[in-house]
Every structure is written in structure tokens, then in C-alpha cells.
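Please read all numbers here as calculations on a predicted model, not as lab measurements.
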Amino acid sequence: MSSRGDILARVRRNQPAAVTLPEVPLFDSVIHDFRISLERMGGGFFEGKPTELIGNRFADARVILSTVPEVKGNRELPDDPRKLEDVDVGVVRARFGVAETGSVWLSEREFGVNALGFLPQHLVVLLDPQSIVPNLHHAYRHPAFSEARYAVLMTGPSATADIEGILVRGAQGIRSLTVVAC
């Protein structure tokens, strides 16, 4: 037997025992968990074209400001955040989402002007379903965290409740947050 044959024979004899591979969560489960968590926090979820959602749900919107090529806004992104005071709908794309919390991760890169995440009446966030991570442990390991100077995990619209349990949405920020899977 050749040296090569002898080495391969020894390797075959000394292989570790076969093990069952761990179960990998299915994509459908992650997006399902994301949707449930988002809706529990008052956010909305939409599957389809973002222009369809905006045209139907925000038909009366006067000012739409978009930072994504998929949606054409009717105003350019200003340098001065004060000029966002009359924006009805802001449209951005999240770098990733977190299924456990229904959160979307946004940074200064996605917003252009950070106030775009908080001053419009409504925020529409485009999210690639394949970029949803299962939980916060995975989220904090995402490379996007080390690339950003400013970042936020957003889950649903702004909300507050008083001692009697009366919930008010949009009290300190956006009135609605809708994630569009696309």
C-alpha cells in the first residue's frame, strides 16, 4: 500500500462517531415570530409592495420623505432636522430585524437625518425577511453595531399609558410603524 493509501485508511478507521445535526429554525418561523412580536408592540406588518401600502393606507399624506429607491417621496431629505416637522410618512430600510422583540435596527446611514425616525407621523420600514435574526443575542453580534455611530432598535410606534391604563400612541414620536417585508 502506498503512503497516501495508508494515511487515508488510518483516517477512515479513526473517524469520530456520526452525530445528528442540530435543528435549524426555519425561515418561516423567524418571520412569524417577528410579526407576532411587532404586532404585540403596536406595530404593523405588510407583505407586498411598499407603494401599495403607502397608496392605500396613507392616501391623504401630503409629505412623503423616502430614503429608499423603492419608494419615491415628494420631498428631498433636508440637512436640517427641523424641516421634518410636517412630514406625514417617512420611509427607510432597516439593516436587520429581531424576531424575539419585533424590532428593526436603524442607524444614521438608514435615516440620513436621525430625526426621520421620530418626527414623521408615520414610519414605514422596509425589511428583507432574510435579514431577520432570531434574538437580541444575535442582534448584538451583528456587524452593523460596530459600523454605526448612532443606532436604534425600534419596536412599534411611540406609546405611553397613564395609571388608569389608557394607552396613547404617538405621544412622543411616530403614531404608527409599519414594517414591509420586501
Side-chain angles (χ1 to χ4, degrees), residues 30-31 33-35 37-54 57-58 61-160 168-182:
V30 176
I31 197 165
D33 293 347
F34 176 85
R35 182 178 189 157
S37 298
L38 174 68
E39 290 174 348
R40 185 179 317 123
M41 295 302 291
F45 188 83
F46 182 78
E47 291 181 88
K49 294 182 178 180
T51 52
E52 194 177 299
L53 167 80
I54 293 167
R57 184 156 179 221
F58 305 112
R62 293 180 329 272
V63 179
I64 298 173
L65 202 149
S66 174
T67 65
V68 299
E70 296 92 337
V71 176
K72 185 170 175 19
N74 57 14
R75 182 184 293 170
E76 294 294 317
L77 184 66
D79 291 332
D80 184 353
R82 292 174 291 187
K83 293 183 179 177
L84 297 172
E85 68 181 355
D86 63 342
V87 174
D88 295 306
V89 180
V91 185
V92 297
R93 177 173 286 283
R95 185 86 68 89
F96 65 91
V98 183
E100 175 183 42
T101 59
S103 303
V104 290
W105 188 91
L106 299 158
S107 74
E108 73 276 358
R109 184 176 127 192
E110 287 75 32
F111 287 133
V113 174
N114 293 345
L116 182 58
F118 308 98
L119 292 181
Q121 294 295 310
H122 308 280
L123 188 62
V124 174
V125 180
L126 311 187
L127 176 65
D128 179 353
Q130 293 183 26
S131 67
I132 298 173
V133 298
N135 57 44
L136 288 170
H137 299 291
H138 288 86
Y140 288 120
R141 290 185 179 158
H142 196 284
F145 270 103
S146 63
E147 299 167 5
R149 292 175 297 139
Y150 168 86
V152 63
L153 284 165
M154 292 185 79
T155 309
S158 165
T160 188
V168 177
R169 296 213 189 275
Q172 300 95 8
I174 58 171
R175 291 178 24 213
S176 75
L177 181 137
T178 307
V179 175
V180 180
C182 64

As an exercise, state the distance from CG of Leu136 to CZ of Arg141, rounded to the nearest 0.5 Å.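 Reported value, rounded in 0.5 Å steps: 12.0 Å.
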For the CZ atom of Phe34 and the OG atom of Ser131, what is their distance to the nearest 0.5 Å?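 The CZ atom of Phe34 sits 8.5 Å away from the OG atom of Ser131.
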Give a yes or no on this: more than 12 heavy atoms of other residues, nucleotides or ligands lie within 6.0 Å of atom CD of Glu76.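 Result for CD/Glu76: open.
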Under 6.0 Å from the CG atom of Asp80, do we count more than 12 heavy atoms belonging to anything else shown?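 More than 12 within 6.0 Å, yes.
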Using the ring of each side chain (for Trp, its six-membered ring), is Trp105 parallel, tilted or perpendicular to Phe96, with breaks at 30° and 60°?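 Because their plane-to-plane angle is under 30°, the rings of Trp105 and Phe96 count as parallel.
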Would you call Arg95 and Glu147 a salt bridge, taking side-chain N to carboxylate O under 4.0 Å as the test?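 Yes, Arg95 and Glu147 are salt-bridged.
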Under-4.0 Å salt bridge between Arg93 and Glu70: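 The answer is yes: the pair qualifies as a salt bridge.
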Which heavy atom of [X] sits nearest a heavy atom of [Y], and at what distance?
X: Ser66; Y: Gly73; value: CB-N, 3.9 Å
X: Asp86; Y: Arg75; value: OD1-NH1, 2.7 Å
X: Ser37; Y: Gly102; value: CB-N, 3.3 Å
X: Ser158; Y: Gly173; value: OG-N, 3.3 Å
X: Cys182; Y: Gly48; value: CB-O, 4.3 Å
X: Ala151; Y: Ala148; value: CB-CB, 4.3 Å

Can you check whether [X] reaches [Y] side chain to side chain, under 4.5 Å on heavy atoms?
X: Leu116; Y: Leu65; answer: yes
X: Val152; Y: Asn114; answer: no
X: Ile64; Y: Asp88; answer: no
X: Val180; Y: Leu127; answer: no
X: Glu47; Y: Arg35; answer: yes
X: Phe118; Y: Leu84; answer: no
X: Met154; Y: Leu177; answer: yes
X: Phe111; Y: Leu77; answer: no

Walk me through it: do Val30 and Asp33 pass the test side-chain contact (heavy atoms from CB on, under 4.5 Å)? CA-CA 5 Å; Val30 176; Asp33 293 347; 5.8 Å; no
Steps toward side-chain contact (heavy atoms from CB on, under 4.5 Å) verdict (Val179, Val104): CA-CA 8 Å; Val179 175; Val104 290; 3.9 Å; yes
Using the rule given for side-chain contact (heavy atoms from CB on, under 4.5 Å), can you reason through Val91 versus Val89, listing the C-alpha separation, both sets of side-chain angles and the distance that settles it, and then say yes or no? CA-CA 7 Å; Val91 185; Val89 180; 4.0 Å; yes
Mind checking what makes salt bridge (charged side-chain N to carboxylate O under 4.0 Å, His left out) contact with Arg175, not counting sequence neighbours?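 With sequence neighbours excluded, Arg175 shows a salt bridge (charged side-chain N to carboxylate O under 4.0 Å, His left out) to no residue whatsoever.
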side-chain contact (heavy atoms from CB on, under 4.5 Å) between Val98 and Ile132: does it pass, once the steps are laid out? CA-CA 6 Å; Val98 183; Ile132 298 173; over 6 Å; no
Is the backbone N or O of Leu119 less than 3.5 Å from a side-chain atom of Glu85, with the two atoms forming a donor-acceptor pair by type?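 Side chain of Glu85 to backbone of Leu119, a donor-acceptor pair under 3.5 Å: no, none is there.
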Please check this pair: side chain of Asn135 against backbone of Glu100, looking for a donor-acceptor N/O pair closer than 3.5 Å.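 Not at all, since once roles are kept as given, no pair shorter than 3.5 Å links the two residues.
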Do Thr178 and Arg57 pair up side chain to side chain, a donor and an acceptor below 3.5 Å, judged on atom types alone?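 There is such a pair between these side chains.
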